[in-house]
Amino acid sequence: MVHFFDICIEEAKRSYQHDDVPVGAIIVKDNEIIAKSHNTRQKNNDILGHAEINVIKKAAKALNRWNLSDCELYVTLKPCSMCLEVIKQAKICKVFYLLDKLDYKKEFNKCKMCKVNVNQEGNIEQMYSEMLSDFFKEKRRKNML
């Protein structure tokens with residue numbers, strides 16, 4: 001495990017050189033490194049340029065699938081809520097990290113989420129609900145074959 005974190009630290013150094021928060025990450029499958037990456041948010045002016053997201057995208061490309069349920073993620077800093085959600089969506093089975101975020105660096109969010117009720121002719125909410133339902137019914141049907 002220490003070897004994996006040595007590589008994460010090397011990736012974090014690459015972030016640091018580009019004035020990004022020094023975070024490095026790797027994806028491991030069957031004790032083999034599938035992908036490695038680091039923060040590129042400042043370098044690429046990309047809000048999604050977190051090490052975890054970058055490495056998940058690389059691993060998905062390398063394995064030619066988005067479902068990484070047989071993979072583990074190693075990262076230098078505890079993932080933020082955005083990255084944690086991407087990790088969940090990628091179905092990564094286990095995450096190992098070195099450090100928690102500093103107390104004064106807690107996430108800041110003033111975004112307000114608002115569920116809307118759209119009452120139009122044709123009931124758009126109902127149409128969308130049926131579309132989602134049909135999509136997942138078809139997915140389950142195909143998986144049962």
### Message
If you count every heavy atom of other residues, nucleotides or ligands that lies below 6.0 Å from Lys57 atom NZ, does the total exceed 12?
### Response
no
### Side chain to side chain, Lys13 and Pro22, heavy atoms closer than 4.5 Å
no
#### Entry: pair Met82-Ile53: side-chain heavy atoms closer than 4.5 Å
yes
### Query
Could you walk me through whether Asn54 and Thr40 pass the side chain to side chain donor-acceptor pair (under 3.5 Å) check?
CA-CA 8 Å; Asn54 291 338; Thr40 58; 3.0 Å; yes
### Summary
Output for pair (Cys71 SG, Ile87 CD1), nearest 0.5 Å, gives 12.5 Å
### Summary
Rounded to the nearest 0.5 Å, the OG1 atom of Thr76 sits from the OH atom of Tyr97 at a distance of 12.0 Å
### Message
Using 0.5 Å steps for rounding, measure from the CD atom of Glu10 to the OG atom of Ser15.
### Response
11.5 Å
#### Entry: Beyond-backbone contact of Ile33 with Phe4, side-chain heavy atoms, under 4.5 angstrom
yes
### From CD1 (Ile27) to CD1 (Ile92), nearest 0.5 Å
4.0 Å
### Query
Are any of the side-chain heavy atoms of Ile9 and Leu98 separated by less than 4.5 Å?
yes
### Task
Could you please spell out the steps behind the side-chain contact (heavy atoms from CB on, under 4.5 Å) verdict for Leu68 and Lys91?
CA-CA 6 Å; Leu68 304 177; Lys91 301 187 183 306; over 6 Å; no
#### Entry: Audit row: Tyr16, Asp19, side chain to side chain donor-acceptor pair (under 3.5 Å) steps and yes/no
CA-CA 5 Å; Tyr16 189 86; Asp19 200 30; over 6 Å; no
### Query
Under 4.5 Å between any side-chain heavy atoms of Arg41 and Ile47, yes or no?
yes
### Task
Fit a plane to each ring of His38 and His18, take the angle between them on a 0 to 90° scale, and name the class: parallel (under 30°), tilted (30 to 60°) or perpendicular (over 60°).
parallel
### Task
Find the distance between CD (Glu138) and NZ (Lys142) and round it off to the nearest 0.5 Å.
5.0 Å
### Query
Taking the side chain as C-beta and beyond, is there a heavy-atom pair between Lys58 and Lys61 under 4.5 Å?
no
### Message
Please check: side-chain N/O of Asp30 versus main-chain N/O of Glu32, any donor-acceptor pairing under 3.5 Å?
### Response
no
### Message
Check this for me: Asn45, atom CG, are more than 12 non-hydrogen atoms of other residues, nucleotides or ligands nearer than 6.0 Å?
### Response
no
### Message
Give me the atom names and distance for the closest heavy-atom approach of Pro79 to Glu52.
### Response
CA-OE2, 3.4 Å
#### Entry: Shortest non-hydrogen contact from Ala35 toward Ala59
CB-N, 3.6 Å
### Query
Does the pair Arg65/Asp70 count as a salt bridge with the N-to-O cut at 4.0 Å?
yes
### Message
Measuring only between side-chain heavy atoms, which start at C-beta, is Glu72 closer than 4.5 Å to Ile26?
### Response
no
### Closest contact, heavy atoms only, Ala51 versus Ser37
O-CB, 4.1 Å
### Message
Quick check for you: to the nearest 0.5 Å, what is the distance between Leu84 atom CG and Gln89 atom CD?
### Response
10.5 Å
### Query
Okay, side chain of Asp46, backbone of Leu48: is any donor-acceptor separation there less than 3.5 Å?
yes
### Task
Decide whether Phe135 and Trp66 are clustered together by the hydrophobic rule: side chain heavy atoms of Ile, Leu, Val, Met, Phe, Trp, Tyr closer than 4.5 Å, transitively.
no
### Message
Quick one, Val28 and Tyr74 - any side-chain contact, counting heavy atoms below 4.5 Å?
### Response
yes
### Message
Whether the side chain of Asn39 engages the backbone of Asp20 through a donor-acceptor N/O pair (distance < 3.5 Å, no angle test) should be reported.
### Response
no
